[in-house]
Amino acid sequence: MSSVAEEVHHDDDHHDHHHTPGIKRWLYTTNHKDIGTLYLWFAFIMFLVGGAMAMVIRAELFQPGMQIVEPNFFNQMTTVHGLVMVFGAVMPAFTGLANWMVPMMIGAPDMALPRMNNWSFWILPFAFLILLSSLFLEGGGPNFGWTFYAPLSTTFSNDSTALFVFSVHIMGASSIMGAINVIVTIMNMRAPGMTYMKMPMFVWTWFITAFLLIAVMPVLAGAVTMVLTDKFFGTSFFNAAGGGDPVMFQHIFWFFGHPEVYIMILPAFGIISHIVPAFARKPLFGYASMVYATASIALLSFIVWAHHMFTTGMPVVAELFFMIATMLISVPTGVKVFNWVATMWRGAMTFEVPMLFALAFIVLFTIGGLSGLMLAITPVDFQYHDTYFVVAHFHYVLVTGAIFSIMAAAYYWLPKWTGKMFDIKLAQWHFWCSLISVNLLFFPMHFVGLAGMPRRIPDYALQFADFNKWISLGGFAFGLSQLIFLALLIKACRKKGDSVPARVWEGAEGLEWEVPSPAPYHTFETPPVIK
Amino acid sequence: MSDQQVEKYYVPDQSPWPFVGAVALFLIAVGAGNFVIETTKGTEGYGGITLIVGLLTLFVMLFGWFRDQINESMSGMHGVQLGRSYRQGMSWFIFSEVMFFAAFFGALFYARNIAMPWLGGDSNNAMTHEVLWPGFEAVWPLVTTPGGTTTEAMGWGGLPLYNTIILLVSSVTCHFAHVGLEEGNRKKLIVFLGVTILLGCGFLVLQVEEYIHAYREMGLMLTSGTYGSTFFMLTGFHGLHVTLGTLLLIIMFLRILKGHFTPKNQFAFMAASWYWHFVDVVWVGLFMFVYIL
Amino acid sequence: MSRGVYKWATLLFSLLSTSVFAEGKSMPLNLTKGASDISAQVYDLHMIIFIICAVIGVVVFGAMFVSMLLHRKSRGVTPANFHESTTVEIIWTIIPFIILIGVAIPAANTLIAMEDPSEAEVSIVVTGSQWKWHYKYMDNDVEYYSLLATQQEQIYNKFEKGENYLLEVDRPLVIPTGKKVRFLITSDDVIHSWWVPAFAVKKDANPGFINEAWTNVNEPGVYRGQCAELCGKDHGFMPIVVIAKDPADYQIWVDEQQAIQLAAKEEEQKLLAMNMEMDELMSVGEKVYTSSCAACHQGSGEGLPGIFPALKGSPIALGDVSKHIDVVVSGVSGTAMQAFGKQLSLKELAAVITYERNAWGNSTGDTVQAKDVNAIVKGQ
Ligand code: HEA
Ligand code: HEA
Ligand code: CUA
Ligand SMILES: [Cu+2]
């Protein structure tokens, strides 16, 4: 991965592009940096909203008995928490990072289709407005889990399901347009000399992620459409009396859903592959194998979906197939983990905040990955399935995986975006508080799950009480820790702090560090030439 | 690819249209959601109106956006690289459409080759048949559902066959129109494009006739079990795409009359024709799997 | 897998579970070996894969921590510059692969055994519905519903919570030990999942399909489980209790149940000739209402707006009696309102309908008798 710019154009001054000041700048913008910022702020707000719902869940589960919310509302919280975090927080955050960084990393002046870029963003706030406001309707919002299994989501759901369906449709439209933009930018906008095998890892991982998005978001659209017609127009896709099968819904959903979880982790892999070499002061180990591993994960992700459905009564041959295919994914993922460790090996490491998050990511994501491997063993999954063991698994890969990587990325590139160093003390507080509380929050969930606590229940048997108390305390602490991050971000956006040079971090490599900090409104209007 | 970049990539200035488009989609989603609830539950509300306002907004947005774009294109601001972005973008969009149809084809295959045989006692579902649906016979087309709803199967002769021929011919005429454009032969272009549009409209008319026939005479409806569900959802979404494709071609026709497009600068036309070919290929799949097999 | 590691890991788990969290009702920190040979096999598989993961974790994190300690800039090291090694990469692709094959083989064997319900000696149809389980013995005339037995007052923190809070039912499933028992699992409405951890049986109850599972329990005892698929509002409140009895006791129980259910049917017939008083109807009705209807229509009869209609002041509860009976007996198809005709006795149906017509200010003054209900049931 040797992308050294031969000649760099510091042509920021005579290109101080005129954007309308005020709100119109943000509504009408076509600038990838503005749009990236919008995405990132939107994602962070959604993270707080989804987190607030998680706090409701944890408060209700603080002790046995029903005390704060009713079961039906609890189910809405679980559902909308999952939806908001997945579609509102993690995916837009990665899209925001792609918007900011991909053009800068490949030496492009902007995204390939700047107007469509803005359209993809502005759909999102409206989509979530619909989803969240359905919570306030009579009968409430969606309460059938983020996986909306039929027939709970069809025959047995309330009318607001129609709004849920259409809001997912437009979210999907947004994701597809965003992904098309990324993929076309990468294919068509690379600076001269930037061959595929010279592209930075973040660009590679997003390239593959974008492909996954375009392939599976339409399938999700199909799934919600069938839910809509089954519920309102009398089709029988998921109804045995009409010749359909409720399990068919799960096949369609997870054909989308499993690649979706890799959509939420591949860009994270890319981020870590930038940060680890930068702070180990040593090039990324095994660049080519990283690329192939990422591609293998993506391809395998299309043939493992039914590992979410081991208990649905598939024939044993299908169960075996999906078990083995799922286990295989560990191999390329292992390659990535080993490569990161090998990159650190005999480096000269320092532990700035982005690196702290990256290191935490490697350990905690691997823990989540290993519990995923345990889930893949079909006969044992019969015991784990739909318990807190699964909840522990996916929060390790999503919170300490995806979210931690996003935070690592934010700290890594924030000085590039604002031109000022963030408040390092606050950042360290944020890291250590998060690290401790997140493990208090999610680690005991493994035990609770093994002991037999099902997920998606608002009340539980007495034996689970002690652990749930600790989990909830961990949850509140983790939630509060994120307020430190909020404070830090506000401070950073108000441009407090010391100015930083173009190459913010001593060991950082890549085109984004060749342009000044803060990055000018337009970069690489004339493409750099890569040797 | 990256070595031929000489000209500057055109990055448009601020534009209100994307935001207007987002508002439009918002209105459409809210409107459609409420409209569905209102029509099926027989309640009163503003769903329909909201939906229409949304669609109008979308129309205004598309008009404004494309007007800007056409102006830029006509004044030569679009370079080769941008053209490539458009073409690649369009191809990926079509790929996403393919995946959308794949979901419904998947549902068809699953319903037909897995769900139905299982209900009839296949695989590990002997007891499903014995205990729950003892009288059910698993034959496709599923004219009698396990629940007892009956219908008739749509044959492939007659209307569907004519429609297949119509679409296949239209794909060829569309191609000839494109050749005409490349050759700079305006007359050829206009004639063949016109014929393509007429064929598209013809297809739609016959499709509507087929639906009326299905509902009125055959008792084949959305509610007739998985056969009806997959039949109408697949052909319905396809029909919607034909409608869209025809509209696109009509717009191209009008632009050609205004003298737009040159053999070199013809992305919009190409996109429309790609779309048309795609819709055509989907139909061939439909004809095979929904009608014949 | 060496026996030694295995023992240590087990010891570690048991130490953790007893010492640190002794307070309150203690919870096992691990899966248990369960009550059947299969569940023991599943436990073993779980321990194997767990130990493998732990070892991999130790190796990977170990290397990482060593590197973080030794190869830090503050120690004045200069970074090396190597960045690839095909040999190493092939090694760390192949080794995990081999490990995985090693796990997949025993897992496949166990799985194949678990999915073979043939040659069972006892077959029971298990049907989930919102939010209770129904058991029907295929070879005997025994069938009944099994509902959560924990009082609402415990759930809403008004009473002290009992020992088996949320894990107790009014009528447990009874099975014999030492025999292969097959469960035919299905559902009347949404997807539920029948799960008893001690048997390592978890199978989804899909409406319109039957999934099979089986167990062969070694020791008599009481085994508890829960519904394991989100099935709506009271998903958390549909537990499963299974009592395993040795075959002789089991046979006694079956005979007893058969006699009881037969007697109940005869009783029904007699009841048809009798009329009950308003007071009796109301008090029986209230009980039935609380256990069968309140989950949706709420104790107050006000329902949940937008989801479950209010019965208080509802046109059906105030209007034509036969329409009301019909709704309760045959349900409203395509909605959560189930057909209670099969679930409740004629007397209970009569009582609950009377109750609904006279409670919460619904003052029709009507009394509904078993024979009125019977007339509608027969009329269909
Ligand atoms: C970012 C998201 C993410 C990621 C990356 C993963 C990664 C993996 N997941 Fe996970 N998963 C989810 C998100 C994710 N998952 C979610 C959200 C759910 C629940 C959905 C719901 O029901 O709501 C879920 C549920 C889920 C299930 C279903 C559980 C159930 O409901 O019963 C299974 C079962 O197989 C599974 C498996 C795996 C596996 C094998 C991986 C692998 O990719 C992991 C690979 C990584 C490693 C193995 C660690 C590193 C490797 C090494 C150090 C190499 C050496 C190791 C060996 C070769 C042994 N996941
Ligand atoms: C990327 C995705 C993501 C993220 C980041 C999270 C983050 C968190 N999640 Fe979860 N979660 C999911 C994805 C995610 N989750 C999914 C997909 C499901 C499955 C849904 C389903 O079953 O359908 C799920 C389900 C789920 C459950 C199981 C619910 C159930 O089965 O009933 C629980 C329970 O503890 C939980 C908790 C948490 C907590 C405490 C956090 C914390 O990390 C959140 C921390 C953030 C904040 C708290 C916000 C910041 C602070 C404030 C806004 C100030 C207020 C703070 C206080 C009052 C203290 N989540
Ligand atoms: Cu029944 Cu959950
Ligand atoms: Cu998965």
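- At a 4.5 Å heavy-atom cutoff, A:Leu124 makes no contact with chain B through either its backbone or its side chain.
- For A:Met248 against B:Ala107, the heavy-atom pair with the smallest separation is SD-O, 3.6 Å.
- Residue contact with chain B, scored on non-hydrogen atoms closer than 4.5 Å, involves the backbone of A:Met314 exclusively.
- One finds the CE atom of A:Met116 at 13.5 Å from the OG atom of B:Ser15 (value rounded to the nearest 0.5 Å).
- Contact of B:Leu142 with chain A is made through the side chain alone, with heavy-atom distances under 4.5 Å.
- The aromatic rings of A:His251 and B:Tyr110 sit tilted relative to each other, their planes meeting at an angle between 30° and 60°.
- A distance of 9.0 Å separates CG in A:Asn31 from CD in B:Gln14, rounded to the nearest 0.5 Å.
- Chain A forms the most heavy-atom pairs under 4.5 Å with one residue out of B:Glu97, B:Glu72, B:Met116, and that residue is B:Glu72.
- Neither the backbone nor the side chain of B:Met221 comes within less than 4.5 Å of any heavy atom of chain A.
- There is no contact between B:Val98 and chain A, counting heavy-atom distances below 4.5 Å.
- Between the CD1 atom in A:Ile180 and the OG atom in B:Ser85 there is a gap of 12.0 Å [rounded to 0.5 Å].
- The backbone N or O of A:Ala241 sits less than 3.5 Å from a side-chain atom of B:Thr145, completing a donor-acceptor pair.
- Between the side chains of B:Tyr9 and A:Asp110, no donor-acceptor pair of N or O atoms lies under 3.5 Å.
- Heavy atoms of A:Met177 lying under 4.5 Å from chain B are absent altogether.
- Atom CD of B:Glu137 sits in a sparse spot, with 12 or fewer heavy atoms from other residues, nucleotides or ligands closer than 6.0 Å.
- Of the two parts of B:Ala102, neither the backbone nor the side chain holds a non-hydrogen atom closer than 4.5 Å to a non-hydrogen atom of chain A.
- More than 12 heavy atoms of other residues, nucleotides or ligands lie within 6.0 Å of CD1 in B:Ile70, so this atom counts as buried by the packing criterion.
- By the 4.5 Å heavy-atom criterion applied to side chains, A:Trp119 and B:Trp17 are not counted as neighbours.
- For the pair A:Ser236 and B:Gly225, the tightest heavy-atom approach, listed with the atom from each and the gap, is OG-CA, 3.1 Å.
- Ring geometry for A:Phe126 versus B:Phe19: interplanar angle of 30 to 60°, hence tilted.
- Among B:Ala103, B:Ala24, B:Ala32, the residue making the largest number of heavy-atom pairs under 4.5 Å with chain A is B:Ala32.
- Contact count versus chain B (heavy atoms, under 4.5 Å) is highest, among A:Asn239, A:Ile183, A:Asn117, for A:Ile183.
- In this structure, B:Phe59 places its CZ atom where only 12 or fewer heavy-atom neighbours from other residues, nucleotides or ligands lie under 6.0 Å away.
- Crowding of A:Lys24 atom NZ: a count of heavy atoms from other residues, nucleotides or ligands under 6.0 Å not exceeding 12.
- Proximity to chain A (any heavy atom under 4.5 Å) is restricted, for B:Phe237, to the side chain, taken from C-beta onward.
- Scanning residues 219-229 of chain A against chain B with a 4.5 Å non-hydrogen threshold yields A:Val219, A:Ala221, A:Gly222, A:Thr225, A:Met226, A:Leu228, A:Thr229, sorted by number.
- Only the side chain of B:Ser123 comes within contact range of chain A, with at least one heavy atom under 4.5 Å from a heavy atom of that chain.
- In this structure, B:Tyr86 and A:Leu113 have side chains that are in contact, with non-hydrogen atoms separated by less than 4.5 Å.
- Between A:Thr235 and B:Phe232, every side-chain heavy-atom pair lies at or beyond the 4.5 Å cut-off.
- Contact annotation for A:Leu27: both backbone and side-chain heavy atoms come within less than 4.5 Å of a heavy atom of chain B.
- Distance check: A:Asp159 CG to B:Ile37 CD1 gives 5.0 Å after rounding to the nearest 0.5 Å.
- Highest contact tally toward chain A, considering only B:Val36, B:Val23, B:Thr149, is held by B:Val36 [criterion: heavy-atom pairs under 4.5 Å].
- B:Gln81 approaches A:Met189 most closely through the heavy-atom pair NE2-CA, 3.6 Å.
- Taking CH2 from B:Trp92 and CD1 from A:Ile176, the interatomic distance works out to 12.5 Å, rounded to the nearest 0.5 Å.
- When every heavy atom of A:Gly244 is checked against every heavy atom of B:Leu119, the shortest pair comes out as O-CD1, 4.0 Å.
- The two atoms that bring B:Trp133 and A:Ala240 nearest to each other are CZ2-CB, 4.0 Å, heavy atoms only.
- Taking CZ of A:Phe238 as the reference point, atom OG1 of B:Thr226 lies at 11.5 Å (rounded to 0.5 Å).
- Residues of residues 163-175 of chain A lying under 4.5 angstrom from chain B, judged on non-hydrogen atoms, are A:Leu163, A:Phe166, A:Ile170 in numerical order.
- Considering all non-hydrogen atoms of both residues, B:Thr40 and A:Phe233 come closest at CG2-CE2, 3.8 Å.
- With a 4.5 Å cut-off on side-chain heavy atoms, A:Ile214 and B:Met99 do not count as touching.
- Checking side-chain atoms of A:Thr30 against main-chain N and O of B:Pro12 turns up a donor-acceptor pair under 3.5 Å.
- For A:Phe255, the part sitting under 4.5 Å from any heavy atom of chain B is the side chain, from C-beta outward, and nothing else.
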